[in-house]
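Scroll down for the structure; my scribbles are underneath it.
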Amino acid sequence: MSRELYVILAVFGGINLIAAVFLLFHKLKKDKEIEKISHYGDYAETQVSNYLKKNFPDGVCLNNIYLKTNNGLTQLDHILICKYGLFAIETKSHNGFIDIGQRQWTQKYNDKIVKFHNPVHQNEIHKKALRNIIATDRSFRDLNVNGFVVFTSKNVRFSEQVREVVSLNQLASFVKSSKAYRQDTMRKYSRDTRDPMRGMMTRSSIQRLERLILKNSEKSKLKHKRHSSKIRNFRKY
């Protein structure tokens with residue numbers, strides 16, 4: 001083999017080595033950023049869970065529940081069952097400026113741009129899954145399924161206001177202003193319109209609803225899959 005061929009092979013091998021190192025470095029950097037996103041998501045969910053337990057001690061808070069849909073399983077970050085009703089709560093840890101889109105929202109923070117699914121639409125899927133469950137019990141057929149998307153960061157702004165999007169410190173007041181039952185059926189729960197418990201869920205109803213939901217839920221997935229949708233939609237420009 002000629003000396004020139006050795007030189008060519010050596011140069012080619014060096015280029016491949018540099019390219020491999022660059023790709024490995026890029027992958028490790030991206031994996032670290034994805035891990036950071038997942039960590040922030042876990043922390044945000046813990047914040048919301050603790051907040052719900054503190055503000056609604058007589059209620060039930062179910063976390064990371066998987067329910068069936070026509071397209072497979074969907075994960076609900078939190079399900080709150082309390083005297084004010086049934087709530088599907090989606091938690092987001094994004095901060096910075098959020099540009100609201102029809103299908104996707106975009107987070108802009110420092111030099112990062114992160115696109116993620118419209119969480120309000122995502123929560124509609126969760127609410128529908130809950131409706132399908134409570135429809136199997138006639139005693140809950142008049143029960144409303146409410147929902148909120150909670151952003152835990154204090155440093156977040158939106159391009160426009162969205163009705164179901166709230167900050168963590170607003171969540172309790174929004175829950176308490178909700179109606180557990182449809183307005184046209186509330187009268188049957190109390191004839192006295194001055195009754196403060198009129199239209200609210202009883203303790204026994206809360207417990208029965210909890211059992212019904214857990215009976216129809218799937219076992220929790222592995223922890224590393226909990227934020228798969230966030231990871232799939234992670235992009236950095």
Side-chain angles (χ1 to χ4, degrees), residues 22-52 55 61 63-67 69 71-80 87-129 146-175 220-237:
F22 174 79
L23 290 175
L24 179 61
F25 174 78
H26 181 72
K27 182 179 184 302
L28 290 174
K29 184 179 179 181
K30 189 170 183 178
D31 287 347
K32 187 175 181 180
E33 289 170 333
I34 290 173
E35 184 180 353
K36 186 185 294 185
I37 290 174
S38 182
H39 169 72
Y40 288 151
D42 288 340
Y43 178 68
E45 289 181 15
T46 300
Q47 279 184 293
V48 173
S49 178
N50 291 339
Y51 176 93
L52 293 173
N55 286 274
C61 178
N63 303 305
N64 297 313
I65 298 296
Y66 289 81
L67 302 180
T69 70
N71 297 316
L73 295 179
T74 187
Q75 182 213 352
L76 285 75
D77 290 338
H78 315 280
I79 300 173
L80 174 65
F87 300 85
I89 298 174
E90 177 72 11
T91 296
K92 295 298 180 185
S93 60
H94 301 75
N95 54 16
F97 180 78
I98 307 295
D99 188 17
I100 307 297
Q102 185 66 27
R103 294 194 174 189
Q104 284 191 326
W105 292 11
T106 304
Q107 175 195 18
K108 300 176 182 179
Y109 183 66
N110 292 336
D111 62 337
K112 294 182 179 179
I113 295 179
V114 178
K115 294 183 181 293
F116 56 102
H117 288 304
N118 182 334
V120 175
H121 289 178
Q122 191 177 358
N123 214 31
E124 285 298 324
I125 297 173
H126 300 161
K127 289 160 63 176
K128 183 177 180 180
N146 301 288
F148 297 106
V149 177
V150 181
F151 280 78
T152 58
S153 174
K154 295 180 180 179
N155 179 29
V156 63
R157 297 177 296 111
F158 301 93
S159 61
E160 60 185 81
Q161 190 174 7
V162 182
R163 184 172 57 86
E164 290 190 350
V165 174
V166 301
S167 62
L168 184 56
N169 60 6
Q170 294 175 316
L171 182 56
S173 61
F174 274 80
V175 167
S220 180
K221 301 301 178 184
L222 295 175
K223 186 175 181 180
H224 72 273
K225 292 183 178 180
R226 286 175 52 192
H227 297 286
S228 60
S229 62
K230 298 177 185 177
I231 293 173
R232 284 198 301 271
N233 289 283
F234 174 79
R235 294 176 64 188
K236 182 179 180 182
Y237 295 88

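Because only heavy atoms are used, hydrogens play no part in the values below, and waters and symmetry mates are left out as well, while side chains stay in. Start at 1 with the first residue, then count along the sequence. Because the structure is a prediction, the values reported are computed rather than measured.
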Next on the checklist: Could you walk me through whether Thr69 and Ile125 satisfy the side-chain contact (heavy atoms from CB on, under 4.5 Å) test, starting with their C-alpha distance in whole Å, then the side-chain angles of each, then the deciding distance to 0.1 Å, before giving a yes or no?
Outcome noted: CA-CA 8 Å; Thr69 70; Ile125 297 173; 4.1 Å; yes

Checklist entry - Distance-only, no hydrogens or angles: does the Tyr51 side chain make a donor-acceptor pair with backbone N or O of Ala172 under 3.5 Å? => result yes

Item to check | Heavy-atom donor-acceptor pair, Glu45 side chain to Asp42 backbone, under 3.5 Å | outcome: no

Checklist entry - Under 3.5 Å, side chain of His117 to main-chain N/O of Arg103, donor-acceptor pair present? => result no

Next on the checklist: Go through it in stages, so that I can follow the logic: the residues are Asp99 and Gln107, the test is side-chain hydrogen bond (donor to acceptor under 3.5 Å, both in side chains), and I'd like the CA-CA distance, side-chain angles, deciding distance and then a yes or no.
Outcome noted: CA-CA 6 Å; Asp99 188 17; Gln107 175 195 18; over 6 Å; no

Checklist entry - Which pairs count as salt bridge (charged side-chain N to carboxylate O under 4.0 Å, His left out) when at least one residue sits in residues 153-173, sequence neighbours excluded? => result Lys127-Glu164

Next on the checklist: List the residues meeting ring-ring contact (aromatic ring centres under 6.0 Å, His included) with Phe151, not counting sequence neighbours, and say none if there are none.
Outcome noted: Phe158

Checklist entry - Do the side-chain N and O atoms of Gln170 and Ser167 include a donor-acceptor pair separated by under 3.5 angstrom? => result yes

Checklist outcome for this item: Rounded to the nearest 0.5 angstrom, the NZ-CG distance for Lys92 and Leu168 is 15.5 Å

Checklist entry - Are any side-chain N or O atoms of Glu90 and backbone N or O atoms of Val150, one a donor and one an acceptor, separated by less than 3.5 Å? => result no

Next on the checklist: When you measure from the side chain of Asn63 to the backbone of His78, do you find a donor-acceptor pair of N or O atoms at a distance under 3.5 Å?
Outcome noted: no

Item to check | Phe148: partners by ring-ring contact (aromatic ring centres under 6.0 Å, His included), with sequence neighbours left out | outcome: Phe174

Checklist entry - Would a 4.5 Å heavy-atom cut-off, applied to side chains only, mark Trp105 and Val165 as touching? => result yes

Checklist entry - Applying the side chain to side chain contact (heavy atoms under 4.5 Å, CB included) test to Ile89, which of Leu171, Ile79, Val166, Asp77 qualifies? => result Leu171

Item to check | Residue pair Ala88 / Leu76: nearest heavy atoms and the distance that separates them | outcome: CB-CD2, 4.2 Å

Checklist entry - Below 4.5 Å, heavy atoms only, C-beta onward: do Phe116 and Ile98 meet side chain to side chain? => result yes

Checklist outcome for this item: Closest heavy-atom pair, Thr152 versus Ser93, reported as atoms and distance to 0.1 Å, is OG1-CA, 3.8 Å

Checklist outcome for this item: Note: Asn64 and Gln75 closest approach over all heavy atoms is OD1-NE2, 2.8 Å

Next on the checklist: Could you work out, with side chain to side chain contact (heavy atoms under 4.5 Å, CB included) as the rule, every residue matching Asn50, not counting sequence neighbours?
Outcome noted: Thr46

Next on the checklist: Ser153: which residues meet the side chain to side chain donor-acceptor pair (under 3.5 Å) condition with it, sequence neighbours left out?
Outcome noted: none

Next on the checklist: Going by the rule side chain to side chain donor-acceptor pair (under 3.5 Å), which residues pair with Asn55 if we only count those two or more places apart in sequence or in a different chain?
Outcome noted: none

Checklist entry - So, Asn118 side chain and Val120 main chain: donor-acceptor pair closer than 3.5 Å or not? => result yes

